[in-house]
**Q** 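First the structure, then my questions, so here it is.
Basis for what follows: all heavy atoms, side chains included, without hydrogens, waters or symmetry-related copies.
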There are 2 protein chains.
Amino acid sequence: MTAELHDIANARLRTTGQRYTTRRRALVEVLDQADGPLTIPQILELDRSLAQSSAYRNLAVLEQADVVHRIVTNDDFARYELAEDLTEHHHHLICRTCGSVADFTLDPSVEGDLDRVLADVADAQSFRADHHRLDLVGTCADCR
Amino acid sequence: MTAELHDIANARLRTTGQRYTTRRRALVEVLDQADGPLTIPQILELDRSLAQSSAYRNLAVLEQADVVHRIVTNDDFARYELAEDLTEHHHHLICRTCGSVADFTLDPSVEGDLDRVLADVADAQSFRADHHRLDLVGTCADCR
DNA sequence: GTCCGAACCGAGAACTGTTCTCATTTACGT
DNA sequence: ACGTAAATGAGAACAGTTCTCGGTTCGGAC
């Protein structure tokens, strides 16, 4: 399961002429173990062997290879998570107080309905839709 | 209609002990005329009389008074739009190529369904939901 | 195995969107 | 009008992110 993840990451990097190095593997590992997107400070704390500048660079490389996905909230830091096709389609609970971001999923039938409606919207506006993004903004359990 | 908008903006600023000045009114005016959230450079270009530092400050003030809403995408600049209760509930088409953001609305019945499902999710996670945010990410008509 | 070139690495400098400072101006309340 | 508190704008400061560059590591060729 995790081995497969690394195989895919490796393959995707190779196609762009880049290597799946120890540092990059470490990043993927940290993100795989998290239950929500992480900021750079969080990542660096979870794996003290990572250098900040390299983490930024490698996450950019991994993003370009479609292994990780970068999201940006109103928080100070950007956040990184594994690409959706390496995990599963999900959405985010965003806490306005502490900035934390947690994952949640929706019933597949609801997702299906949503996709259909959004496809119509995109069509009507000559917009080529790639994916949708649904966030729930409020206050997390810890901050209530 | 627009007069009412200014009245509301005025009232909301007063309650926080602040004035609805010419500059702040100008910001609201620019945002009201736009058909999507605007970046600071866009705002400054639409009204050359505005100073950058004041625009940032005043938009922050207006945001605190719930007159404008700040959104942040993967683009370099944050974007500002009027608060939803001053316009209407809507979502965003985000172009990954040029970064532009346009508004779109969903059928009320779909919105209702969505709200209901999301309320359940929030409940299950002890999350106090404030509002939801739905973006469609892809390529706009101009960039296709 | 070892050589070579290309990719990678980390520390710190540089960059850039945003916020802060402060001297000046404006505007409200009396 | 007048005094005081808030607002303004130019530029400095700040902070997250990106870039630079000398040194290191990796992978293929022989």
**Q** Would you say A:Arg24 places a side-chain N or O within less than 4.0 Å of OP1 or OP2 belonging to C:dC9?
**A** yes
**Q** Report the distance from atom CG of A:Asp75 to atom P of D:dT17, rounded to the nearest whole Å.
**A** 10 Å
**Q** In terms of the angle between their ring planes, are B:His6 and B:Tyr20 parallel, tilted or perpendicular, with boundaries placed at 30° and 60°?
**A** tilted
**Q** Just the rounded figure in Å: distance from P of C:dT18 to CZ of B:Phe77.
**A** 6 Å
**Q** In whole angstroms, how far is the C1' atom of C:dC28 from the CG atom of B:Leu13?
**A** 15 Å
**Q** Check A:Asp85 with A:Arg12, please: is the shortest side-chain N to carboxylate O separation under 4.0 Å?
**A** yes
**Q** Taking the side chain of B:Thr22 as heavy atoms from C-beta outward, which of C:dT18, C:dA27, D:dT17 is closest to it?
**A** C:dA27
**Q** To the nearest Å, how far apart are A:Arg79 CZ and D:dT17 P?
**A** 11 Å
**Q** Do B:Arg24 and B:Asn58 pass the side chain to side chain donor-acceptor pair (under 3.5 Å) test, and can you show the C-alpha distance, the side-chain angles, and the key distance before you say yes or no?
**A** CA-CA 6 Å; B:Arg24 292 174 184 173; B:Asn58 284 328; 2.8 Å; yes
**Q** Rounded to the nearest 0.5 Å, what separates atom CG in A:Leu134 from atom NE2 in A:His89?
**A** 8.0 Å
**Q** Would you compute the distance between atom CG of B:Leu93 and atom OG1 of B:Thr139 and round it to the nearest 0.5 angstrom?
**A** 11.0 Å
**Q** Is the phosphate of D:dA6, meaning OP1 or OP2, less than 4.0 Å from a side-chain N or O of B:Gln18?
**A** no
**Q** To the nearest Å, how far apart are B:Tyr20 OH and C:dC28 P?
**A** 14 Å
**Q** Expressed as a whole number of angstroms, how long is the span from A:Leu27:CG to C:dC8:P?
**A** 13 Å
**Q** Under a 4.0 Å heavy-atom cut-off, which of residues 49-64 of chain A touch DNA chain D?
**A** A:Gln52, A:Ser53, A:Tyr56
**Q** Does D:dA6 have OP1 or OP2 sitting under 4.0 Å from an N or O in the side chain of B:Thr21?
**A** no
**Q** What pair of heavy atoms forms the shortest contact from B:Phe127 to A:Ile94, and how long is it?
**A** CZ-O, 3.3 Å
**Q** With the side chain of A:Arg19 defined as its heavy atoms from C-beta on, choose the nearest nucleotide among D:dC26, D:dT17, D:dA7.
**A** D:dC26
**Q** Starting from P on C:dC9, measure out to CG on A:Asp47 and report it in whole angstrom.
**A** 13 Å
**Q** Would you indicate whether the side-chain heavy atoms of A:Val101 and A:Thr73 approach each other to under 4.5 Å?
**A** yes
**Q** Nearest-Å distance, CZ (A:Arg25) to P (C:dC8)?
**A** 15 Å
